[in-house]
Amino acid sequence: MLDIQRIKQDPDLVKKAINDKGEKNTGLVDQLLEADQKWRDSVHKLDMLRKESNEKAKQIGVLMGQGKKEEAQKIIRETGEMKSQVKDLEEEVKALSSSRDDIMYKIPNIPHPTVPVGATDEDNVVHKSWGDPLKDEWRRPHWEITDEKGWIDFQRGVKVTGAGFPFYVGPVARLQRALINYFINSAVDHGYLELQAPYFVNEDSAKGTGQIPDKEDMMYVIPRDGFFTIPTAEVPVTNFHRDEILETENLPVNYVCYTPCWRREAGSYGKDVRGLNRLHQFDKVELVKFVHPDTSYDELESLREDAERLLEALGLSYRTLLMCTGDMGFTQSKKYDLEVWSPGQQRWLEVSSCSNFESFQARRMMVRYRKEDGKPEILHTLNGSGLALPRVVSAILETYQEESGRVRVPDVLKPWFSGDYL
RNA sequence: GGAGAGAUGGCUGAGUGGUCGAAAGCGGCACCCUGCUAAGGUGUUGAACCCUUCACGGGGUUCCGAGGGUUCGAAUCCCUCUCUCUCCGCCA
């Protein structure tokens, strides 16, 4: 959610943002301004009416206290009509504010000036490349390796739950556990506080981070208890501070949190869902920052570096893309994607997405800090994966496989293994 | 799951229909005093939103777990829900 003041001050900037993000419906801005003005007028009318009614009620109290029953009765009679007027106006204000909010929620975040304007993923800019993408013909995709060794059991996953819910067996199970440990430890070493979060959230939390109403279909629902399974740790961790005012001297507040993630992924098919490429349940270590608005773009760079460092330590080739306006998503103002090279598939796989939301998320959730003058102000939030497990596992299997078929253990993960091979 | 108690400002905690956004204490902030420190004194100290102002500020509305209701008027009465605590049951 954007700041309405900012929209009022510079509607053209917002229209440009809508255009650049490929949303097209720039008319929303004028609709919003109109709806907002109507709401304001109505609120003001209601406030004035309530004021009058409060004054009368007070008078009655005083008169009753003095025993002047008749005069009091006279005023009571006058207030009869006001009551229904107040009620009507309340309804009106409610309706107007919800139609105003409906429009507001449809207006995307404004891209930062450093974000390239573009329509599709073709317009993304390679910000950094690291390592040489391996091209050996003999390298096989991870699913062939794991099928042969019995390291991932997709079939039993289907039997027990359904497609996209595999069992990890033996060495790969251990590999994932090692990665989770390594990722969390690395983040903690760089100033993130480790959290373990609930895997279900309530409706308020799902609203807070914007999963509902927009992206309701991405989540699994537990209707009996009103819960949603989390599609990412971003949801519980960002909501951790919902409706709070953080101590300014504590900023930035950094969290690292491992959770499984559940995503319904309706409509996916083909090579995208082969092997570990796309699952309904997967593990991810998430990094979340609550920061002072002045520092959020510096924090984005350091967040990106925190994620990149992990891939470098693992010795996996990757590239970092600066996403263009059309490919970056509704809520972000700037976003980097990290893509790891999959030698067995000869393609790039997204393993992290590092975003600055500025105040877009925090405003909806009312997460604030205190300015110098002591007044509360919306802060900025960022998050990024650090990292998503399955595709990292694919890349490791495909990068560290030898022609003989064995798979070496990356050096940084050796503390969790007893030998050099999986 | 059963029985009972409760939910008030950063915290503790008063307030059972009328100048209550809410006593008091603690904490925070500012100033004063005491040759430092400790102690003491005075004042100040919630949030959202609307109107007004270039700004400082001023005015107003709402908020005492949430949502409804009664009433001219609700923190206070009624209903529903949520959560917390105690006891019992169950349990990693």
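These values consider heavy atoms only, across backbone and side chains, with no hydrogens, waters or symmetry-generated copies. Below, chain A is the first sequence line, B the second, and so on; all start at residue 1.
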B:U82 to B:C90 separation - C1' atoms, rounded to the nearest Å: 23 Å
Partner nucleotide, any strand, of B:A55 [Watson-Crick/G-U, under 3.5 Å]: none
Per A:M48 side chain, nearest of listed nucleotides B:G60, B:A47, B:C72: B:G60
Given B:C72, B:U61, B:G68, the nucleotide with the shortest approach to the side chain of A:A57: B:C72
For B:U84, the Watson-Crick or wobble partner whose two distances fall under 3.5 Å: B:A5
Touch class at under 4.0 angstrom, heavy-atom based, for A:I60 against every strand present: base
Touch class at under 4.0 angstrom, heavy-atom based, for A:K38 against every strand present: nothing
Distance in angstrom units between A:Q37 CD and B:C51 P, rounded: 7 Å
Touch class at under 4.0 angstrom, heavy-atom based, for A:M366 against every strand present: sugar-phosphate
Presence of A:K83 side-chain N/O under 4.0 Å of B:G73 phosphate oxygens OP1/OP2: yes
A:T26 vs A:N19 side-chain heavy atoms within contact, under 4.5 Å: yes
Short N-O contact, A:R50 and A:E90, less than 4.0 angstrom: yes
Gap in Å between the two C1' atoms, one belonging to B:U37 and one to B:C11, rounded: 27 Å
Pairing partner (Watson-Crick or G-U wobble, both distances under 3.5 angstrom) of B:A47: B:U62
side-chain N/O A:N54 vs B:G73 OP1/OP2, d < 4.0 Å: no
For B:C72, the Watson-Crick or wobble partner whose two distances fall under 3.5 Å: B:G18
A:E249 atom CD: more than 12 heavy-atom contacts under 6.0 Å: yes
Distance, rounded to the nearest Å, where A:D204 contributes CG and B:A66 contributes P: 13 Å
Distance, rounded to the nearest Å, where A:N250 contributes CG and B:G10 contributes P: 17 Å
d(CD, A:E52; P, B:U62) in whole Å: 13 Å
Whole-angstrom distance between B:G13 and B:G2, as gauged at atom P: 29 Å
A:R309 and A:D306 ion-paired at < 4.0 Å: yes
A:S53 or A:Q5, whichever maps to the more 5' nucleotide of RNA chain B: A:Q5
Separation of the P atoms in B:G40 and B:A55, to the nearest angstrom: 43 Å
C1' gap between B:G9 and B:A22, integer Å: 9 Å
Donor-acceptor contact below 3.5 Å, side chain A:K56 vs main chain A:I76: no
Watson-Crick or G-U counterpart of B:C36, or none if no pair lies under 3.5 Å: none
Whole-Å gap separating P (B:C81) and CG (A:N202): 18 Å
Sidechain N-carboxylate O distance under 4.0 Å for A:K38, A:D41: no
Inter-residue atom distance A:N356.CG - A:L300.CG, 0.5 Å rounding: 5.5 Å
Whole-Å P distance, B:U76 and B:C63: 10 Å
Contact nearer the 5' end of RNA chain B, comparing A:R368 with A:T79: A:R368
Short side-chain N/O contact from A:R40 to OP1 or OP2 of B:C49, under 4.0 Å: no
Whole-angstrom distance between B:G18 and B:C78, as gauged at atom P: 16 Å
Whole angstrom value for the distance that separates C1' of B:G46 from CD1 of A:I245: 8 Å
B:G21 and B:C31, which share atom name C1', separated by this distance in whole Å: 26 Å
Residue-phosphate contact under 4.0 Å: A:R370 side-chain N/O, B:A47 OP1/OP2: yes
Options B:C50, B:U62, B:A48, nucleotide nearest the side-chain atoms of A:P376: B:A48
Pairing nucleotide - B:C26, Watson-Crick or G-U, each distance under 3.5 Å: B:G10
Rounded distance in Å - CE (A:M82) to C1' (B:G73): 12 Å
Sugar-phosphate only, base, or nothing, as touched by A:K56 at under 4.0 Å among non-hydrogen atoms: nothing
Steps toward side-chain contact (heavy atoms from CB on, under 4.5 Å) verdict (A:F357, A:E234): CA-CA 12 Å; A:F357 301 94; A:E234 171 194 340; 4.2 Å; yes
Side chain of A:K87 - closest among B:G69, B:C72, B:G60: B:G69
Gap between atoms NZ and P, on A:K375 and B:A48 respectively (whole Å): 9 Å
Distance test, side-chain N/O of A:K58 to OP1/OP2 of B:G73, below 4.0 Å: no
